[in-house]
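To start, the structure under review is shown below, and the notes come after it.
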Amino acid sequence: MTRETQTTADAGGSEPCPGCGLVLPISDGPTHAYFGSSASCWALFGELLAREFNNPEYFAAHQLTVDTYAVQHPGVPERRTTQSVGLHLMTLCLVFEQGADPGDGPRLHKRMVNRPNFHWLEPPRLSGRMTVADVLPAGDAQEHSALVRVWARDVWDAWGVHHQVVRGWIDKSLV
Ligand SMILES: [Zn+2]
């Protein structure tokens with residue numbers, strides 16, 4: 001009996017996230033309007049965000065958390081996703097190549113949002129990388145920040161084929 005139940009659960013019970021590839025139980029819960037994530041992955045991201053919103057020490061990593069999740073779940077080509085992926089990649093580029101403080105992210109976004117003429121970047125393979133599930137086990141704020149940074153770096157590296165384009169957008173958008 002137990003084995004049967006197990007088999008049924010395995011057969012119809014899980015799916016890979018279309019963004020990060022994380023295999024999780026199928027859920028009919030809510031997802032983001034245009035991020036390409038499964039409902040279960042979106043729920044894990046919600047847990048991570050709740051932790052950041054409930055604790056100022058965790059919140060220090062917030063901008064990087066959002067940037068990373070967004071570009072690991074690019075969704076399908078349309079105006080909003082094109083702009084979202086472009087903007088969040090620019091922030092990651094500023095952090096990892098120009099030493100920007102992720103805490104300045106919102107301010108940087110305000111300066112950048114209407115400047116570059118974004119076009120859709122064909123997403124690279126984004127699965128097989130770190131995911132939101134690798135950050136959740138962090139035991140304290142310091143570990144959380146460290147894991148978010150490693151995750152962000154991993155996902156930024158995955159977009160390597162488009163780094164040059166992103167650098168070009170930054171050159172054009174920052175005065
Ligand atoms: Zn995902």
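Indexing begins at 1, ligand by ligand and atom by atom, following the structure's order. The chain is numbered in sequence order, starting from 1.
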I need the minimum non-hydrogen distance between Ser27 and Gly29, along with the two atoms involved.
OG-N, 2.9 Å

Salt bridge between Asp157 and Arg153, side-chain N to carboxylate O under 4.0 Å?
yes

So, Trp151 and Gln72: side-chain donor and acceptor under 3.5 Å apart, yes or no?
yes

Side chains of Glu15 and Ser38: donor-acceptor distance under 3.5 Å anywhere?
no

List the residues meeting ring-ring contact (aromatic ring centres under 6.0 Å, His included) with Tyr58, not counting sequence neighbours, and say none if there are none.
His144

Below 2.8 Å of the Zn ion (ligand 1), tally up the protein N/O/S atoms for me.
4

Residue Gln142 excluded, over 12 heavy atoms near CD under 6.0 Å
no

